[in-house]
Amino acid sequence: MMNNYIVRFLIGSLTSIILGLLYMGIGRKFIARIRRCYAGPFYQSFIDVIKLFSKHSISHHWIMDFGIMMGFSGIIATVIFLPIGNFYVFPDMKGNLIIIMYFMTIGYLGMAMGVSASGNPNSPIGIGRALALMIGYEIPFALAVILLIFANGSSLLYNIIQTQQGSIYNWNLLKYPFAFIGTIIALQGMLGEQPFDAMIAPAEIASGPMVELSGKFLGFGFLQHASQIFLETGIITAMFLGGGTIIGFFTKQLFLYLLTLSIASVFPRFRFEDGVKFFWTIPTSFVLFQLILFLIKR
Amino acid sequence: MIIGLLFYGIILSFLALFVRKKYNFLRWIIFSFYIFLTLFLTITIGKDSTYFETFNLISILNFDLSLNFRITPLGWLFTLFTTLLLFLTSIFSIVKNKNEDAERLINFFWFILIISNTGLFLADDLFTLFIFWELIGISSYFVISPGWVSSFRAVNYYFIFSIICSFFMFSGIMILYEGTGTFSIQKNVLYFISLFENSPLNAIFVAISLIIGFFVKSALFPFHIWPAQAHAKAPDDFSSVLSGIIIKYGLYRTILFFIPLFLFIKEYPVNHIMVNNIPLFSHILAWSGAITSIIATFLAIESNDMKKLAAYSTVANMGYITTALFSLSSFGIAGAIFHTINHAIFKTAIFLSIAAVKYRTHETQMHKLGGMAYKMPVTFLTFLLAIISAAGIPPLNGYVSKWMIYQGLLSSKFPFLTLAIFLSSTGAFMYLFRALHSIFLGQLPEKFDNVKEVPFLMQIPMYILMFLMVSIGIFPQFVINLINSVLTSYNISNINIKNSMIFSPLSGIDSVKVFLAFTGSFILAFILYLIGKPRKHVQPLDTYTAGQDPADFNLTRELYHFAYKFYGPFEHMFDSFRTDTKEFYDSIERKINEIGGYFRDFQSGSIRGTIYTFMLSFVLIIIYWWLL
Amino acid sequence: MELYSTKKLKDEGFEQILNFFRKKSLWMLHYCTGCGAVELPPTMTSRWDMERFGMGPMATPRQADLLLITGYLSLKSLKRVIYTYEQMQNPKWVIALGSCPINGGIYYDSYSVINRLALYIPVDLSIEGCMPRPEAIIEGFIKLMKQIENGEAVGYKKYQENYKWYKQNQDSVLKREFPVLSGEEK
Amino acid sequence: MNYNTTVLLIIIPILSSFLVYMPVGLIKKSFKIIFLATILFNLLFSLKIFSVVLKYGNLITIIGNYHPPFGINLVSSFFSILFLIALYIVFLISAIIFIFKNDTKNNQQKISSVLLLYLASFSEIILTGDLFNLFVFFEIFSISNIIIISLKNEKFSLKGSIKYLLISSIGSALLLFAIGYIYAILGTLNLAEIALNFEKISFFSKCFIIFFLMGSILSELEVFPFNLWISDSYAGAKNFVNILLSGISCVVSLYIFIRMFFTIFNYPSISLYSYNFPLDIKLLLLTFFSLSIIVNQLVALTSKNIKRILAFSSAATISTILFALTSGTKSGFSSAILLIISTIISKPLLFLSSHQITKGKMEKNLDSFKNGINRKRYFSILFIVSAIFFTGFPLTPAFFGKLMLFYTYASKLNYYTYFIIVIIFSITVEFFYYFRMIHKLFIKDETERENKNIKNNLSISYFVSGLTMISILIIFFIFPNIYEKVITKMSEEIFNQKEYIQTILKLGEK
């Protein structure tokens, strides 16, 4: 019993890393296309990661190493709880939404701790902005989660997927369109894409948290961002687009990622408190409207 | 046997008073020995609720007043975890109080506090409950400010609030006594429930008198300012007791009275207004908890003093517990009790590590600290684990109770309450990280270069607390079985649990698998870490400063530590609706002083004045009689 | 048989393979020192698009592999360049644009400009032209990539081996023997 | 049963007060012994009378063979004798302090004669069964009070004593007026006789009598509008005078109030009803006393001088006792008695210890309490214990008093229960300023330079009296059942007016 857990664990984590990097590569080509230039091959991010792991690196304290590792492992641990298509790692905990939402914070906490141990003031400024934004986009996302839990009476993603099987009409996207719009905007904040990337603003705070990450630590940052893309898009596909078979699941994920990138490439950057105000007003009102509709109907 | 314990405690407290200043660690050893004794006895007595003990005092007229004790599952559970945490804090304070100035006083009154703590939880009748309740109020007054001018103003808020609430409770008890003729809690609770049918006016008066106590003691909305004052100024090790244990007394009493009442109304909602099948009054209480947690979270985000921050986070956690408690679902109540225990554990850990930092640096302002992790690794690890479990992150114990609270709220269909709790728990993550960064990480100021780790005796409680947090996080079933026994005593449906796999109507979690998932991914990360080239250690100041060598513009490590207005812009968002409740209470105090001053000057008036007033008031009485 | 000695394999064996990846994803430190910096935006954006070769601008020296010295280098900015160069991680390369870093160019006789960059930091490649056009810059990048691939671009190793020599040159220029303003102690 | 020797309790003090005043050489030297001898005699003799009362119930003393309705006669019931014993003990303690405090050499002789007069007057007030006799000795009582207050001949004490003089003279004028009125209507001055046919007189005259009698005692009872003399006289008086004032004068006036209301007006079942002036006496008194509680507490909260704080807190406690009495039920009465007991045993100790703590300091305000625990450890411990006892630490008489008070007012939810808010306010304020004083004791006063020259000669008299009082406190704390039987017996006796009248008048007919 133990080893099939390990096997499933490896499958889950490696798919998330590889596919995450793949989406990043395709994403970079997609943005380049928008800017009318031809970015490198789609496997460019694999090369970047291998190059980063081949470089020497510096660290200020063992807490920095421990923190970065904890950040990466947090995100990987979350992916394990995500039902990819109909594959799941733990049979009795198939994608418990509340676990996923809280496990993501380990990723943030680990990265934040490691990076703030580096001593460069830019990184805590970045982390402060990231956390403030987090409280912003968590509200619409939490509302959407509450709505779905009320809708199908169980907080397991697996059950939410089961209810959306069959034809396209019973996807949650069509049943709760406003909630989907609100969640897409929240996804924009979760991935830290352009309108809400005050935390990585290269011009202002020299790429925020990643200012002191060199060599393999930056590699960890890349992998964490990749599996984060896989995770967040995976959650939303499971919630709204009825994550179908394995291939269907990946295409929906890619579609969602490219959608966020297309929004990202045309928007300037929000100040992070305006970002929080934005999150608390527009997407929240969308999802709230949908929730009230749902409560009235029930 | 309990009476013997309490009596023996009083003798020991006087004995400890006469130990000379030179051997004051002996005083604190007696102190922690006594708590160990109580802990040992509570464990050996066990949960058989047939254990009854009485000690009669006096019977005037038709009052036969006596102290009697009974072991109820709830009381026993609360005694167990409070005494355990008190024992750990006492080990910590043996070393801390070596050169504290007023420690003889702190020790004596803290002793009385512990006696009344066990007495309160094991009390069987309201009279004993009230005696120990008032004893706690008086003794905590002297421990918070043992002759320190700075904490005198802070302790006044706490003291006045607790006196008002204890005497309102007294009037409530008297009305119940009139009805039942005895002080025993069981009969009075049943009478209290039946009171709502036959004489609602009495019932409401009693309910209000008990609710005020609950609002004050667990620092809910209108009274949420006193913890920040009292905890920030109290002696450091006592503030961990203050926010770990003393803030839970109001909660204990409410569980005794209001949970049976609301559950009864929930079953037979004869003529009560029901809001999605729970009584309106408990709905209001749940919402007051939610509002308190949001306000306290945003106040904590702004506070710059680390003890104030921890105090506000206690208020926020009390907010969660109240909301969960009054959602009246079985998971909600179980989650509330479990969160009380978890909150006590990780809050004691937070406050002990803060006390350790203050013991070494004598500094509480966060922006003046920094980089303590490099010098005090054990304190850092305790603080880190405490932060993780406070934010409710899975592998540790805070998560299981928060998860249960969410199951409780979601399964009984409270969308907006869950949202409020979720908002404040994400906010919790913000200020907890701010504390972690500004105290322990970032740059170490020059003046703290020779800071050493706290002595070993202070580290023992930290190790035990770390072990507690991890073990409850991974194997919550031991604590849940205890809570189940409490639930059965209030005949609420138990939580079905199969060795660390908790099943709830919405979903189930197996915390062992959660832990395995985390360790597995950590091993994966470690392997990746070994693949990459070995990293090189570098000086703290060797960071990217856009090409400029920090030494050139004489940049010290202290200036380089970003912590002062960590969420500055975020705070400006709330400038428009920022009301200062402390200002409100100060204005009341000034008003009373003014009136008093007016009467005082009136008193020492001229002689002729006195005669006129004498005659005038005599005439006034007759007119008053005429009008009446 | 030394082919199979793991230490040798680890040093040389992997290096060839890793050099392939280092070549394919060269990250340039966005640090403009001279007049050549204006040539870089067109190379980065859609007209000449250096991203095709996996190259992109990076904000901090920690993350970058390539340092571009675009034009003349005054003494003050030399101090910053050396500090930044030391913050970058091995394997790292330096490209010098234009003639000024080679022989001081038109500022050869100015009191504040250094005449020969190679004395202070190891230069792997220098691209001709009083500010070379983007095509020449990309041509230079490709040449550097080839050098990296067959392991010739080893400026960073040279810097490590005879660091003393470099340090001596740097001190000779940067260290001040006599106080500039009277009364200011050294 | 008649028992004529109780009159000695009054005659001996009067005799010895004149004796002590003689400027003859022999007496000049030995006046102290005479002074103490009379006090001891009174104490022991009252104990003997107490044992007799226990055996035979109320004792009547016939003076000049005029049987009760006529002439003066003394009634010593269980309630009054116990009061007397308690007051004698307090008087003895303050006398010891007065005698062995060796600073005012010259007029000690004169003061002791006044004190003896004071002793005679309050024992007569408590024992008397005749209204006019009450008036006469009430006059002597207030005059001796005035003299004691003005002993220190400072600004405050003179001002206070003059104020007290004026107010008590107006009060006694009112009392005289009421006595004349009663004599005119009822033709008798004997308390039992008045009580017997108080029901028969008309409504208007009943109100007249109640108001005028009450008007006279209110100034003594330190109820708000009438207690303007407290702040100066307490602040200015000597230490042992304060003990006397707080211990004895208030309690005596309380006794008169109880005797009048419960025996003469037969308070709870007083029938004051007429068509156009319905007088709810209970509500009138309640509002009046609660106002006085609030004001006294507020002034105590805001005043700085230690003596003034303690004075006003004792005034507030007396108004609380009156507040409890007006409930008219047995439990209200027992709570009043409990509070009286706690005042008697802890108030004198508070005054004594606070005086000793602030001995070295110039102005006696709150800051002079600083660092008390290190300067005067013994007296600050005394102060802390007595303060905690007075504010109602669990299991102390004050606590049980408050318990009964809450029971009387909070148990039946009628519109009287809202007065409980006043009580809660007063308890909170009281806790606050007592604990502020205790807290000041522990504050370390860096500024105070340790001048070694203050000779803290621990005068034996203060030490001994402090010790006796603290031991009484501890006894009352450990054995609560002492005052348990006392209260039950007292409330039975007070509440059946019939039995009081029966014993006095029936003796008359037979």
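Naming convention: chains lettered A, B, ... in sequence-line order (proteins, then strands); numbering from 1 in each chain.
Atom CE of residue A:Met134 and atom CZ of residue B:Phe433 lie 11.5 Å apart, to the nearest 0.5 angstrom. B:Leu432 CG to A:Thr105 OG1: the interatomic distance, rounded to the nearest 0.5 Å, is 11.0 Å. Here A:Phe9 contributes atom CZ and B:Leu516 contributes atom CG; the two are 10.0 Å apart, rounded to the nearest 0.5 Å. To the nearest 0.5 Å, the span separating CD1 on B:Ile509 from OG on A:Ser155 amounts to 10.0 Å. Interatomic distance, B:Leu436 CG to A:Leu109 CG, rounded to the nearest 0.5 Å: 7.0 Å. If you take NZ on A:Lys216 and CG on B:Leu530, they are separated by 7.0 Å, rounding to the nearest 0.5 Å.
Only the side chain of A:Phe90 comes within contact range of chain B, with heavy atoms under 4.5 Å apart. Contact of A:Ser54 with chain B is made through the backbone alone, with heavy-atom distances under 4.5 Å. Residue B:Leu541: no heavy atom, backbone or side chain, is found under 4.5 Å from chain A. Proximity to chain B is limited to the side chain of A:Leu223, based on heavy atoms less than 4.5 angstrom apart. At a 4.5 Å heavy-atom cutoff, A:Ile75 makes no contact with chain B through either its backbone or its side chain. Heavy atoms closer than 4.5 Å to chain B are found in the side chain of A:Leu291, but not in its backbone. Residue B:Tyr560 touches chain A through both its backbone and its side chain, counting heavy-atom pairs closer than 4.5 Å. At a 4.5 Å heavy-atom cutoff, the contact between A:Met101 and chain B is made by side-chain atoms alone. Proximity to chain B (any heavy atom under 4.5 Å) is restricted, for A:Asn96, to the side chain, taken from C-beta onward. For B:Tyr399, the part sitting under 4.5 Å from any heavy atom of chain A is the side chain, from C-beta outward, and nothing else. For A:Ser118, the part lying near chain B is the backbone, with the side chain staying farther off; criterion is any non-hydrogen pair under 4.5 Å. In this structure, chain A has a heavy atom under 4.5 Å from the backbone of B:Gln539, while its side chain stays farther away. Contacts of B:Phe503 with chain A are absent, with no heavy-atom separation under 4.5 Å from either backbone or side chain. For A:Ser116, the parts lying near chain B are the backbone and the side chain together; criterion is any non-hydrogen pair under 4.5 Å. Looking at A:Ile125, the atoms closer than 4.5 Å to chain B (heavy atoms on both sides) sit in the backbone and in the side chain alike. Residue A:Met70 touches chain B through both its backbone and its side chain, counting heavy-atom pairs closer than 4.5 Å. Looking at A:Leu295, the atoms closer than 4.5 Å to chain B (heavy atoms on both sides) all sit in the side chain, from C-beta outward. Using a 4.5 Å cut-off between heavy atoms, A:Ile139 touches chain B through backbone and side chain atoms alike. Neither the backbone nor the side chain of B:Ala563 comes within less than 4.5 Å of any heavy atom in chain A. For chain A, the nearby parts of B:Phe526 are the backbone and the side chain; heavy atoms of each come within less than 4.5 Å. Using a 4.5 Å cut-off between heavy atoms, B:Pro415 contacts chain A through both its backbone and its side chain.
Taking A:Leu156, A:Asn152, A:Ile146, A:Ile76 one by one and counting their heavy-atom pairs under 4.5 Å with chain B, the maximum is reached by A:Ile146. If you tally non-hydrogen atom pairs under 4.5 Å between each of A:Ala117, A:Ser13, A:Pro124 and chain B, the highest count goes to A:Pro124. Among A:Asn122, A:Ile127, A:Asp274, the residue with the largest count of heavy-atom pairs under 4.5 Å with chain B is A:Ile127. Each of B:Ile301, B:Thr426, B:Ile393 has some count of heavy-atom pairs under 4.5 Å with chain A, and the biggest count is that of B:Ile393. Most heavy-atom pairs under 4.5 Å with chain B: of the set A:Phe53, A:Tyr108, A:Phe103, this distinction falls to A:Phe103. Between chain B and the options A:Gly74, A:Ser123, A:Ser154, the largest number of non-hydrogen pairs under 4.5 Å is found for A:Ser154.
Listed here is the closest heavy atom pair of A:Ala132 and B:Phe570: CB-CD1, 4.0 Å. What you find for A:Glu212 and B:Asp542 is that their closest heavy atoms are OE1-O, 4.4 Å. Closest heavy-atom contact between A:Gly153 and B:Leu506: O-CD2, 3.2 Å. Between A:Gly128 and B:Tyr567 the shortest heavy-atom distance is O-CE2, 3.7 Å.
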Discussion item. One pair to check against side chain to side chain contact (heavy atoms under 4.5 Å, CB included): B:Phe522 and A:Phe72. What are the steps and the verdict?
Written reply: CA-CA 8 Å; B:Phe522 196 82; A:Phe72 174 67; over 6 Å; no
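Looking at B:Lys533, its side chain never comes within 3.5 Å of a backbone N or O of A:Ser57 through a donor-acceptor pair. No donor-acceptor pair under 3.5 Å is formed between the side chain of A:Ser73 and the backbone N or O of B:Ser521. Side-chain N or O atoms of B:Gln443 include one that pairs as donor or acceptor with a backbone N or O of A:Gly119 at under 3.5 Å.
A cation-pi arrangement is present between B:Lys413 and A:Phe150 under the rule of less than 6.0 angstrom and at most 45 degrees off the ring axis.
Put simply, the side chain of B:Gln407 reaches to within 4.5 Å of the side chain of A:Ile98, judged on heavy atoms. Using a 4.5 Å heavy-atom threshold, the side chains of B:Arg535 and A:Phe217 count as touching. Residues A:Phe81 and B:Val514 form a side-chain contact, since some pair of their non-hydrogen atoms from C-beta on lies under 4.5 Å apart.
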